[in-house]
Amino acid sequence: MNWVWIISAVVVLISAMSIARHIRRGLIFFAIAFAGLMLLHFQAHPGEAMLGLGSLGGGLAMMRPLRRIVTRISF
C-alpha cells in the first residue's frame, strides 16, 4: 500500500461523504472498518498505517466545514 493512495482515497471518500447524505450515513461503518484494517496493517507497515489513520481523522474533522463550504456555493 502506497501512502499517496491512502491519502488520496481518504480525501476522495470524505469529500464524497460531505456532499451526499446517504453516503454520509455510512461514514461510521467506513471509519470503523478502515481503522480496523489500518490496525491490522500496522503489524507489517506501521508508518503507512499511522498515516492512514491520521488522514482519516483529519478528514473526519474537516467534514462539516467542507460540507458547509460546498453547500453554500451557488452556480
Side-chain angles (χ1 to χ4, degrees):
M1 224 177 210
N2 192 351
W3 63 271
V4 175
W5 287 107
I6 293 172
I7 292 174
S8 300
V10 170
V11 167
V12 167
L13 288 172
I14 296 297
S15 298
M17 286 180 204
S18 67
I19 296 170
R21 176 177 286 172
H22 63 279
I23 296 175
R24 262 190 293 143
R25 290 181 182 161
L27 176 64
I28 189 69
F29 300 114
F30 166 75
I32 291 169
F34 185 79
L37 288 174
M38 285 298 105
L39 290 174
L40 289 174
H41 187 65
F42 185 78
Q43 296 173 354
H45 300 283
E48 288 180 0
M50 294 309 293
L51 186 66
L53 288 172
S55 62
L56 175 68
L60 291 174
M62 291 302 295
M63 190 175 73
R64 178 173 278 165
L66 285 175
R67 187 176 348 132
R68 288 183 180 171
I69 289 170
V70 169
T71 56
R72 288 185 183 170
I73 296 174
S74 60
F75 294 102

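Atom set for the values below is all heavy atoms of this structure, side chains included, hydrogens, waters and symmetry mates excluded.
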- What is the minimum heavy-atom distance between Ala61 and Pro65, and which atoms define it? O-CD, 3.8 Å

- Nearest-0.5 Å distance that lies between atom CD1 in Ile6 and atom NE2 in His45: 9.5 Å

- Message: When you group the ILVMFWY residues by side-chain heavy-atom contacts below 4.5 Å and let the links chain together, are Leu37 and Trp5 in the same group?
- Response: no

- side-chain contact (heavy atoms from CB on, under 4.5 Å) involving Ile7 - partner list, sequence neighbours excluded: Trp3, Val11, Leu51, Ser55

- Message: If I take atom CE from residue Met38 and atom CE from residue Met50, how far apart are they, to the nearest 0.5 angstrom?
- Response: 11.0 Å

- Query: Would a 4.5 Å heavy-atom cut-off, applied to side chains only, mark Phe42 and Leu53 as touching?
  - Reply: no

- With sequence neighbours excluded, residues passing side-chain contact (heavy atoms from CB on, under 4.5 Å) with Leu60: Ile14, Leu27, Ala31, Leu56

